[in-house]
Structures are given as structure tokens and as C-alpha cells.
K.L.:
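My questions will all concern the structure given below.
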Amino acid sequence: QVQLVESGGGLVQAGGSLRLSCKASGRTFSSYIMGWFRQAPGKEREFVAAIRWSAGSTNYADSVKGRFTISRDNAKNTVYLQMNSLKPEGTAVYYCAARRGFSWSRVWIEYDYWGQGTQVTVSS
């Protein structure tokens, strides 16, 4: 079955950087879009970034554009989220997700598979 396993979360000071990883297994993801979402306590899950696995094209939320970079390593079947210039409002559980097909979506319910999440805490 499909498994998405996130890692790389932690505690970082404002202005710092973290790189999240999402190891994907269970099928070939060449016809999938891989996304990162985040959810802060008491808030809705929000879109962060996405990548078309085959083409490598990307899509970002305005709030992270220019600071975060999503990428994938085909050989390792892993998607990354490089987060720079982190802000305290970036504190959240970050989730990796997979969506069948090639159409972009920023709506979490339209993704088919999810990881367990990794906590990112940004101190001020």
C-alpha cells in the first residue's frame, strides 16, 4: 500500500532553515502530484507547495513563495521541502500528501494519501 513518511521537523529560531523529507513507497508516483500542507493548532490545514512528480513543475502558496523550495529525487522516491527564512507563524505540523493525476490542487481533501506529519516549531 502507499506509504508517505515525513522526517526533518524540529525546533528552529526565526530566520533559520529546515529541510523536510517525504519518503514515498508502494507504487510508482510518476503520475502523481506531491504536496506539502501544514496545520497549526486550532487552524485549518493549509496548502504550502506541490510538485508534479514527472515534470518537476511546482506550485507555491503566496505566503512561502521565495522562501520555500519543493523538489524531488526520483532515485530515492523522496520529496523535499527546503524551508528558509522561517517565521514563527510557520509553526505547525507539516504533512506530505499525494494526489493522483496532473491537475494542481490546493485543497487538502482532494489529496488521496497522507503521511503522519512532522512538527515544525519556529521560535521568535
Side-chain angles (χ1 to χ4, degrees):
Q1 74 274 21
V2 173
Q3 271 199 312
L4 303 175
V5 180
E6 302 99 331
S7 61
L11 173 64
V12 64
Q13 286 191 330
S17 297
L18 279 176
R19 188 176 80 156
L20 305 183
S21 299
C22 172
K23 173 74 173 175
S25 62
R27 65 181 61 231
T28 301
F29 289 91
S30 57
S31 59
Y32 278 70
I33 287 177
M34 305 299 293
W36 285 97
F37 288 76
R38 64 188 180 189
Q39 188 165 20
K43 294 193 175 181
E44 295 235 340
R45 191 168 297 191
E46 67 168 348
F47 171 78
V48 176
I51 187 167
R52 285 194 177 107
W53 195 289
S54 56
S57 50
T58 58
N59 193 332
Y60 294 94
D62 288 345
S63 58
V64 306
K65 204 173 290 184
R67 299 187 297 119
F68 289 13
T69 302
I70 188 171
S71 62
R72 87 272 189 250
D73 184 325
N74 288 334
K76 295 182 179 180
N77 237 31
T78 299
V79 177
Y80 302 100
L81 185 68
Q82 176 67 44
M83 305 186 295
N84 299 329
S85 303
L86 280 160
K87 303 177 181 180
E89 52 264 42
T91 295
V93 177
Y94 283 71
Y95 296 92
C96 176
R99 168 177 161 80
R100 285 186 291 265
F102 300 98
S103 300
W104 293 117
S105 173
R106 298 185 174 198
V107 180
W108 71 267
I109 202 169
E110 294 181 352
Y111 283 70
D112 302 293
Y113 302 101
W114 290 86
Q116 82 288 351
T118 185
Q119 176 70 48
V120 172
T121 303
V122 185
S123 64
S124 55

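Please read all numbers here as calculations on a predicted model, not as lab measurements.
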K.L.:
Are Tyr113 and Tyr32 side-chain neighbours, meaning at least one heavy-atom pair lies under 4.5 Å?
P.N.:
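They are in side-chain contact.
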K.L.:
Please round to the nearest 0.5 Å and tell me the distance separating atom OH of Tyr94 and atom CG of Leu81.
P.N.:
7.5 Å
K.L.:
Taking the side chain as every heavy atom from C-beta outward, state whether Arg72 and Asn74 have any atom pair closer than 4.5 Å.
P.N.:
yes
K.L.:
When hydrophobic residues are tied together by side-chain contacts of less than 4.5 Å, even through go-betweens, does Val93 share a cluster with Val107?
P.N.:
yes
K.L.:
Identify whether Phe37 and Phe68 are in the same connected component of the hydrophobic contact network (ILVMFWY, side-chain heavy atoms under 4.5 Å).
P.N.:
no
K.L.:
Please name the pair of heavy atoms, one in Phe102 and one in Ser30, separated by the smallest distance, quoted to 0.1 Å.
P.N.:
CE2-O, 3.8 Å
K.L.:
Could you grab the distance from atom CZ of Arg100 to atom CZ of Phe29, nearest 0.5 Å is fine?
P.N.:
10.5 Å
K.L.:
Enter the distance from Trp53:CH2 to Thr28:OG1 here, rounded to the nearest 0.5 Å.
P.N.:
10.0 Å
K.L.:
Spell out, as yes or no, whether a donor-acceptor pair under 3.5 Å connects the side chain of Thr91 to the backbone of Val122.
P.N.:
yes
K.L.:
Just say parallel, tilted or perpendicular for the rings of Trp114 and Trp108, cut-offs at 30° and 60°.
P.N.:
perpendicular
K.L.:
Give a yes or no on whether the backbone of Ala24 and the side-chain of Asn77 come within a donor-acceptor separation of less than 3.5 Å.
P.N.:
yes
K.L.:
Is a side-chain N or O of Arg27 found less than 3.5 angstrom from the main chain of Val2, in a donor-acceptor match?
P.N.:
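Flag not set: sc Arg27 to bb Val2 has no pair under 3.5 Å.
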K.L.:
Check for a donor-acceptor pair, side chain of Glu6 on one end and backbone N or O of Gln116 on the other, with a separation under 3.5 Å.
P.N.:
yes
K.L.:
For a quick test of reading the model, state the closest non-hydrogen atom pair linking Ala14 to Pro88 and the distance between them.
P.N.:
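Looks like CB-CD, 4.0 Å.
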K.L.:
Would a distance-only check, ignoring hydrogens and angles, find a side-chain to backbone donor-acceptor pair under 3.5 Å from Lys23 to Lys76?
P.N.:
yes
K.L.:
Going by salt bridge (Lys or Arg N to Asp or Glu O under 4.0 Å), Arg38 matches just one of Glu89, Glu44, Glu46. Which one?
P.N.:
Glu46
K.L.:
Rounded to the nearest 0.5 Å, what separation is found between the CD atom of Gln3 and the SG atom of Cys22?
P.N.:
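It is 11.0 Å, given to the nearest 0.5 Å.
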K.L.:
State which residues pass side chain to side chain donor-acceptor pair (under 3.5 Å) with Ser25; sequence neighbours excluded, sorted by chain then number.
P.N.:
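If we apply the side chain to side chain donor-acceptor pair (under 3.5 Å) test to Ser25, skipping adjacent residues, there are no hits.
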K.L.:
Ignoring hydrogens and geometry, is there a side-chain-to-backbone donor-acceptor pair from Arg106 to Tyr60 under 3.5 Å?
P.N.:
yes
K.L.:
Phe47 and Leu86: same hydrophobic cluster, using ILVMFWY side-chain contacts below 4.5 Å?
P.N.:
no
K.L.:
Nearest heavy-atom pair of Leu20 and Trp36: which atoms, and what distance?
P.N.:
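Taking every non-hydrogen atom into account, CB-CH2, 3.6 Å.
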K.L.:
Linking I/L/V/M/F/W/Y whenever any side-chain heavy atoms sit under 4.5 Å apart, do Met34 and Tyr95 land together?
P.N.:
no
K.L.:
Working to the nearest 0.5 angstrom, can you tell me the gap between Thr58 OG1 and Ile33 CD1?
P.N.:
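The CD1 atom of Ile33 is 11.0 Å from OG1 of Thr58, to the nearest 0.5 Å.
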K.L.:
With Arg19 as the cation and Tyr80 as the aromatic partner, state whether NZ or CZ is under 6.0 Å from the six-membered ring centre and within 45° of the axis.
P.N.:
yes
K.L.:
So, does Tyr111 use its side chain to make a donor-acceptor pair with the main chain of Ser105 at under 3.5 Å?
P.N.:
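Pair found, side chain donor or acceptor close to backbone of Ser105.
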K.L.:
Out of curiosity, Ile70 CD1 to Asn59 CG, how far, rounded to the nearest 0.5 Å?
P.N.:
9.0 Å
K.L.:
Which heavy atom in Ser17 sits nearest to a heavy atom in Asn84, and how many Å separate them?
P.N.:
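Where Ser17 meets Asn84 most closely, the heavy atoms are OG-OD1, 2.9 Å.
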